[in-house]
Amino acid sequence: MNIVVDQGKCVGAGQCVLAADDVFDQRDDDGLVDLLDANPPAERLADVRHAAAVCPASAISVHF
């Protein structure tokens with residue numbers, strides 16, 4: 001699994017952090033997504049997919 005975030009689309013809603021806080025964080029200065037782990041372990045797949053699904057700006061994509 002490989003995760004890509006588009007910070008240009010991010011609106012800082014923070015839903016990704018709530019879904020997978022070991023994979024995503026928010027920058028302190030502007031609240032935009034910060035990718036902590038672009039290739040997390042397979043057992044995090046469900047949470048990462050959920051994070052991508054609930055992102056209101058569709059700023060997260062998951063590739064295999």
Please tabulate, one pair per line, all N/O donor-acceptor pairs under 3.5 Å involving side-chain atoms of residues 44-56, not counting sequence neighbours.
residue : atom : partner : partner atom : Å
Arg44   : NE   : Asp22   : OD1          : 3.2
Arg44   : NE   : Asp22   : OD2          : 2.9
Arg44   : NH1  : Asp47   : OD2          : 2.4
Arg44   : NH2  : Asp22   : OD1          : 2.7
Arg44   : NH2  : Asp47   : OD2          : 3.4

Under 4.5 Å side-chain linkage, directly or through intermediates, the cluster mates of Leu36: none
Residues, nucleotides or ligands: over 12 heavy atoms within 6.0 Å of Asn2 CG: yes
Closest non-hydrogen atom pair, Ala57 against Val11: CB-CG1, 4.1 Å
side-chain hydrogen bond (donor to acceptor under 3.5 Å, both in side chains) contacts in which one or both residues fall within residues 29-40, not counting sequence neighbours: Arg27-Asp30
Transitive ILVMFWY side-chain link Met1 to Ile60, under 4.5 Å: yes
Positive for side-chain contact (heavy atoms from CB on, under 4.5 Å) with Cys16, one of Leu35, Val5, Val33: Val33
Closest non-hydrogen atom pair, Gln26 against Gly31: NE2-O, 2.8 Å
Same apolar cluster (I L V M F W Y, side chains within < 4.5 Å links), Val17/Val62: yes
